[in-house]
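Okay, structure first, notes after.
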Amino acid sequence: MLTGYHTAGLLLHDPCTALQELAGLGFRCVALRPHACMFNPAQSDFSERVVRLTSVIEQSQLQVVLDLDASFMQDPWNQHAPSLAAEDSTGRQKAEDWISRWLEVAAELSVSVVTFNSGRIDPSTDDLPERVLDRLVLPIERLLASADAHQIALALRPRGGEAIATVAQFERFGQWLDIGNGLRLAADVGEMLRGGELPLADRLARNLESLAVVYLCDRKAGTPRDQPIGMGDVDLNRLIRSLLNHTFDGPAIARVEGYPELGLSCARTAMETFKQAIPAIGEASES
């Protein structure tokens, strides 16, 4: 298992400094997310930022997951635009082009996994799930081909309110469209709790073959917001041990989003949780 931390919880930190500090805490992997001000291809100095990030990643010997769940990047009035599942073909193409652009960035950063969302749908018109799935298949097949060319794993993250909102719907999507062998799963523990997919460990174990990354967070049942670790309903210690018992060797990314003022103290708590669940980490830090 690659112990990781999500920089979305460190929005008050310089990204390169955050990566260096996370490596110093013992994390072996980090998750980066596009940001309108700090990590945006539209910025004139974006290429220089990528070069700087690449240098820090290499020096710190970190593996990187690129999380494309970014807000207000293309539309200042719409948090979730664009959508791969949009009824409008123009909207679907914008979403596909956006993900394709980030696959190119991921290749520059030597990213191992790129995670994305299926996108929102209009429940007033999208009353047939099969019709929505049909709209998703072609753009995702093209994106999988691009990711494969860059030697990057492409993983879909189910999220409430979207075309694919749960891990169970991801399972059906793979069976319905017969592309499950290429498309990977980015399981978000908070979204699984929100969708009532319990027990969490059993659902993850059932999808081990397709599981590319697990986003670990603490939440209270029925709420969409991360909690500081230890303040919600998720026993992360037990869940990490279960993933180890099932020999999951991919990135397990702790995320505490929405509390940037707490800074690296949340990352330190996350590492202590990993150490408690994975004795080898604790022993190495004491030696």
Side-chain angles (χ1 to χ4, degrees), residues 1-6 22-23 25-32 57 60-67 106 110-116 144 147-148 151-158 164 166-175 179-193 195 197-219 229-230 233-256 267 269-287:
M1 178 185 294
L2 288 173
T3 56
Y5 195 77
H6 205 308
L22 291 173
L25 286 171
F27 288 101
R28 299 170 57 201
C29 182
V30 293
L32 301 174
I57 289 165
S60 303
Q61 297 183 315
L62 290 166
Q63 291 200 33
V64 180
V65 171
L66 184 58
D67 172 16
S110 299
V111 166
S112 58
V113 183
V114 171
T115 71
F116 72 104
L144 283 170
D148 185 61
Q151 297 184 316
I152 295 170
L154 187 64
L156 193 153
R157 170 182 171 257
I164 299 180
T166 64
V167 173
Q169 290 176 354
F170 170 86
E171 294 170 349
R172 181 172 185 265
F173 183 50
Q175 295 168 354
I179 60 172
N181 290 333
L183 185 63
R184 307 289 297 281
L185 171 65
D188 187 315
V189 167
E191 293 299 313
M192 292 174 68
L193 183 65
E197 298 194 288
L198 303 172
L200 298 171
D202 290 350
R203 178 74 71 174
L204 291 173
R206 195 168 86 187
N207 288 276
L208 204 60
E209 286 190 11
S210 61
L211 190 60
V213 59
V214 180
Y215 289 122
L216 298 168
C217 63
D218 204 353
R219 285 191 186 177
I229 291 175
D233 298 328
V234 182
D235 187 343
L236 288 180
N237 190 301
R238 180 179 179 183
L239 189 58
I240 293 168
R241 290 200 305 270
S242 175
L243 287 168
L244 281 175
N245 290 337
H246 287 94
T247 65
F248 175 68
D249 58 2
I253 309 290
R255 186 191 66 224
V256 184
T269 300
M271 178 49 68
E272 290 303 317
T273 301
F274 278 121
K275 288 178 179 178
Q276 292 171 13
I278 310 173
I281 297 179
E283 292 168 2
S285 64
E286 293 172 3
S287 59

Looking only at heavy atoms, which two atoms of [X] and [Y] are closest? And how far apart?
{"X": "V114", "Y": "I152", "result": "CG2-CG2, 3.7 Å"}
{"X": "L244", "Y": "A277", "result": "CD1-O, 3.9 Å"}
{"X": "L236", "Y": "C217", "result": "CD2-O, 3.7 Å"}
{"X": "V111", "Y": "V64", "result": "CG1-O, 3.4 Å"}
{"X": "A267", "Y": "L22", "result": "CB-CD2, 3.7 Å"}
{"X": "C29", "Y": "V65", "result": "SG-CG2, 4.0 Å"}

Distance-only, no hydrogens or angles: does the [X] side chain make a donor-acceptor pair with backbone N or O of [Y] under 3.5 Å?
{"X": "D188", "Y": "V214", "value": "no"}
{"X": "D202", "Y": "L198", "value": "no"}
{"X": "Q169", "Y": "P158", "value": "no"}
{"X": "E197", "Y": "V167", "value": "yes"}
{"X": "R184", "Y": "S210", "value": "yes"}

| Between Y5 and F27, what is the ring plane arrangement, given parallel below 30°, perpendicular above 60°, and tilted in between? | tilted
| query | side chain to side chain contact (heavy atoms under 4.5 Å, CB included) between R219 and E191: does it pass, once the steps are laid out? | reply | CA-CA 9 Å; R219 285 191 186 177; E191 293 299 313; 3.1 Å; yes
To the nearest 0.5 Å, what is the distance between [atom1] ([X]) and [atom2] ([Y])?
{"X": "S112", "Y": "L62", "atom1": "OG", "atom2": "CG", "answer": "11.0 Å"}
{"X": "L211", "Y": "F248", "atom1": "CG", "atom2": "CZ", "answer": "4.5 Å"}
{"X": "L32", "Y": "I57", "atom1": "CG", "atom2": "CD1", "answer": "5.5 Å"}
{"X": "M1", "Y": "T247", "atom1": "CE", "atom2": "OG1", "answer": "10.0 Å"}
{"X": "D218", "Y": "D235", "atom1": "CG", "atom2": "CG", "answer": "9.0 Å"}
{"X": "N207", "Y": "H246", "atom1": "CG", "atom2": "NE2", "answer": "11.5 Å"}

| With sequence neighbours excluded, what pairs up with Y215 under the ring pair (Phe, Tyr, Trp, His ring centres under 6.0 Å) test? |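 Listed in chain order: H6.
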| field | Of V234, L204, T166, the residue whose pairing with M192 passes side chain to side chain contact (heavy atoms under 4.5 Å, CB included) | value |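 So, applying the side chain to side chain contact (heavy atoms under 4.5 Å, CB included) to M192 and each of V234, L204, T166, only L204 qualifies.
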| request: Determine, stepwise, if the pair V189 / R255 fulfils side chain to side chain contact (heavy atoms under 4.5 Å, CB included). | output: CA-CA 10 Å; V189 167; R255 186 191 66 224; over 6 Å; no
